[in-house]
4 protein chains.
Amino acid sequence: MPRAVREQQMLDAAVRTFGQRGYRAASMDEIAELAGVSKPLVYLYLNSKEDLFIACIRREAKALTTAVRAGVHPGLPADRQLWEGLTAFFTHTAQHPDGWTVLHLQARTHGEPFAAEVAALRADMVAFVTEVIVVAAREARRDPSLPEREVAGLAEALVGAAESLAAWANATPGVTARQAAATLMNFAWAGLGELMGGRPWAAPSGAEAVPAG
Amino acid sequence: MPRAVREQQMLDAAVRTFGQRGYRAASMDEIAELAGVSKPLVYLYLNSKEDLFIACIRREAKALTTAVRAGVHPGLPADRQLWEGLTAFFTHTAQHPDGWTVLHLQARTHGEPFAAEVAALRADMVAFVTEVIVVAAREARRDPSLPEREVAGLAEALVGAAESLAAWANATPGVTARQAAATLMNFAWAGLGELMGGRPWAAPSGAEAVPAG
Amino acid sequence: MPRAVREQQMLDAAVRTFGQRGYRAASMDEIAELAGVSKPLVYLYLNSKEDLFIACIRREAKALTTAVRAGVHPGLPADRQLWEGLTAFFTHTAQHPDGWTVLHLQARTHGEPFAAEVAALRADMVAFVTEVIVVAAREARRDPSLPEREVAGLAEALVGAAESLAAWANATPGVTARQAAATLMNFAWAGLGELMGGRPWAAPSGAEAVPAG
Amino acid sequence: MPRAVREQQMLDAAVRTFGQRGYRAASMDEIAELAGVSKPLVYLYLNSKEDLFIACIRREAKALTTAVRAGVHPGLPADRQLWEGLTAFFTHTAQHPDGWTVLHLQARTHGEPFAAEVAALRADMVAFVTEVIVVAAREARRDPSLPEREVAGLAEALVGAAESLAAWANATPGVTARQAAATLMNFAWAGLGELMGGRPWAAPSGAEAVPAG
DNA sequence: GATGAATGAGACTTCATTCAT
DNA sequence: TATGAATGAAGTCTCATTCAT
């Protein structure tokens, strides 16, 4: 069996184990057994527990950003781009719950070296959202634009809300990725005030929008 | 030295250690040393590492909900109540960063018994936000109201955004609690769409609002 | 409350705890609590765990030998003396099961200092039995007597059988002290060979003898 | 070095340590050192202190019953069978004093899980003796046989006497297994009364019988 | 006389990691 | 390449014992 395949099996096992047990509670024994290989082989390929965990983070982060990027068409209006990005995001996190747990919870909880790895992922997401906000501002011919820190805060809030909703959707049976995306679009784009006034964001056809009341 | 005082010292040390190292990586030795007592005394008072962690969670959760509740005046309009709650929330999390880390990250990452403890706290927050949304809907004479699951999703998104912003504000020098609250109010109340159109939420005087462009 | 009384309460608690948990597993905390006093008081009166255990052994040993001695009338024939001694022995061990456990099991299992204490008790019992054998030999006008080592072995066997039967009787519901004594008298005095031939030892009236077949 | 060998070395060390120190006082450190291996290896092979102790009990119990069974020829008369069994028993216990201590003292003193293990061994012995008694009764054409409880008591007494004599023989220099067996045969078969009358059990040639006086 | 408060020492157990083959 | 065998280090927890009052 070629090395690359074996390595992916190990990473699969590691992501699952780290996601369910946590970094410290996961034992190399368990990971090796789940991967169907001997422990020394894991060390031969991945060096150490720390390196193994970092490899997991990188693989899952790359898979997530790739999925989101692939779901967005750059030329569209800002709201449409955001909608596509969110849908891709919630779809991916729903399909890879252990990977998402590793990224969202475990990697941030177990010390600097790992937190730094996820920071890159987050920066990517925030950059995507920031870009969308900038596009939206341009569409609205708004100039001068919002202060930079304000935009950073908004992007942070949106990403945080998305992360939180992903965990919520994974834990709540019956919530689909599109529903989660629609909820967040309403919240983010129209705002609670507009929602209350009966003016939700107009979802593209097929999205479960809030009824106009 | 009386027992109650010693116990608080131990909890202080534990919150700090758990917050910085994580539940598993924190050692009872380190906690005892930081508290200035011997390890057996920690066990005598707090029983076990698990019980100690739960005691930390409960103390910090109570402190946070108490602070938020104390900051809100029930009779005010919905947006004003939300603003007050957020301000109190960001103020408290900024003043107790380790406590916030314990609640937001550590408690959710290390197994059911702890996650269950935080769930109560989160339920409290979501309930507060839900209540505000309901009040806002009533103010807008909106009837019939939003579907229940939609409201739950919105509340979840808002709480998630707040949690995320709290961590961001703690990690970004120069961001005050009021700024964080203002950013989130804009985001949540006006929505990105309105913001882009130059119609932000009108912050009460003293809040750092987004300039109207 | 006078010291002597308190001390007895402590010994009561200790015998019970040692008997049920064993020497090492019994904790001074548990003993103090069961005695209804504080731990330092136990140390004030009894010095150390080791001393406390030795005090238990001595008290229980003395109580047992006193009971056996009180039950025997010196002038009687040998078999009658043995019968009385055994009856007293089984009666006492049935009434003080924890004390008997301490003497029979715990004291012999936890190192020299304690085993030495029980050795004295055992020497007493063996001496009693030896004396009975000598009397019996004299009654049979048997001369020269049995070799000394042979007598020692016989006494040892009889005492061992008695000890074993005491534990058996305590653990088997419905076995009375008199029945245990009768069984052992038959075994010891008549021997299996005679028993099989239908010639059991003639128990004094009131004893449950083996029917003559 | 193959695993099976190492495991026996560990059990050897454990039996010796448990036998001399007792279950609680024996430390895994000491056992590992005596076995010439590291402590984790002991855990790898034997799981836990409790499992290690149980493994010791089982091995020693099996060795003892195997030795006794191998020493007895089923077709012989009852007294001869008993004699053979006792000789094998005393021989084995003399050759494995620590194993005997573990079975006779330690296993019974440290809680139910262990006591239950030895109970099986003891049941085996009592069954053997009971069988002999039944055979003896048949040889003597004794009918109806003794009451069941009476037989149980006799068997218990004989086994108890044997156990006690084994410890005594181990502790008394110069007492051989055959002497111990002869003493007990006299005691059990002829009975003290017959012995006093100068009619001992007739030992097979080679056994150190009591001189007929 | 009596105790609440406190600890040094040591127990069992687990785990990341490495050789020798 | 792949692994069976092995361990140093560290963690949680318990307990006999002693002060200061």
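Note that the structure is predicted; figures quoted are calculated from it, not measured. Chain letters run A, B, ... following the sequence lines, proteins first, then strands; residues in each count from 1. Both backbone and side-chain heavy atoms feed into the values below; hydrogens, waters and symmetry mates do not.
- Stacking of Arg3(B) on the aromatic ring of Tyr45(B) is recorded, both the 6.0 Å distance cut-off and the 45° axial limit being met.
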Parsed dot-bracket for DNA chain E after applying the Watson-Crick and G-U rules with both distances under 3.5 Å and | for other-strand partners is .||||||||||||||||||||
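- For His96(C) and Trp100(C), the gap between ring centers reaches or exceeds 6.0 Å.
- Distance Met10(A) CE to dA2(F) P: 8 Å, rounded to the nearest Å.
- When the nearest nucleotides of DNA chain E are assigned to Lys49(A) and Lys49(D) by heavy-atom distance, the more 5′-ward of the two goes with Lys49(D).
- Of the two residues near DNA chain F, Pro40(C) and Glu50(B), the one whose nearest nucleotide lies more 5' is Glu50(B).
- Remark: the backbone N or O of Ala26(D) is paired with a side-chain donor or acceptor of Lys49(D) at under 3.5 angstrom.
- Summarising the geometry, the separation between NZ on Lys39(B) and C1' on dT14(F) is reported as 10 Å, rounded to the nearest angstrom.
- The nearest whole Å value for the distance from the OH atom in Tyr45(A) to the C1' atom in dT1(F) is 7 Å.
- Each of dC15(F), dA2(F), dT7(F) was ranked by its minimum atom distance to the side chain of Leu41(A); first place goes to dA2(F).
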Just do the side-chain contact (heavy atoms from CB on, under 4.5 Å) check on Asp12(B) and Leu34(B) with the steps written out, would you?
CA-CA 9 Å; Asp12(B) 290 342; Leu34(B) 187 58; over 6 Å; no
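- Using a 30° and 60° split on the angle between ring planes, Phe53(D) and Phe114(D) fall in the perpendicular class, above 60°.
- In this structure, CE of Met28(D) is placed 17 Å from C1' of dG8(F), rounded to the nearest angstrom.
- Nearest-nucleotide positions on DNA chain E for Val37(B) and Asp29(D) put Val37(B) closer to the 5' end.
- Heavy-atom neighbours of Arg108(C) CZ from other residues, nucleotides or ligands within 6.0 Å: above the threshold of 12.
- Remark: Glu33(B) CD is loosely packed, at most 12 non-hydrogen atoms of other residues, nucleotides or ligands lying under 6.0 Å away.
- Rounded to whole Å, the distance from CG on Leu46(A) to P on dA2(F) is 14 Å.
- Nucleic acid contact for Ala26(B): sugar-phosphate only, since backbone atoms but no base atoms lie under 4.0 Å from a heavy atom of the residue.
- To the nearest angstrom, C1' of dA10(F) lies 13 Å from CD of Glu30(B).
- The backbone N or O of Thr93(B) lies less than 3.5 Å from a partner atom in the side chain of Asn170(B), making a donor-acceptor pair.
- Arg6(C) comes within contact range of the sugar-phosphate backbone alone, with a heavy-atom separation under 4.0 Å but no base atom that close.
- We find that Arg122(D) and Glu117(D) are not joined by a salt bridge, their nearest charged nitrogen and carboxylate oxygen being 4.0 Å or further apart.
- Following rounding to the nearest Å, Glu7(A) (CD) and dA2(F) (P) show an atom-to-atom distance of 12 Å.
- When the nearest nucleotides of DNA chain F are assigned to Pro2(D) and Asn47(B) by heavy-atom distance, the more 5′-ward of the two goes with Pro2(D).
- The nearest whole Å value for the distance from the CG atom in Leu52(B) to the C1' atom in dT12(F) is 12 Å.
- For DNA chain E, the outermost nucleotides in 5' to 3' order that have an atom under 4.0 Å from a heavy atom of chain C are dG1(E) to dA6(E).
- A side-chain donor from one of Arg59(C) and Gln8(C) sits under 3.5 Å from a side-chain acceptor of the other.
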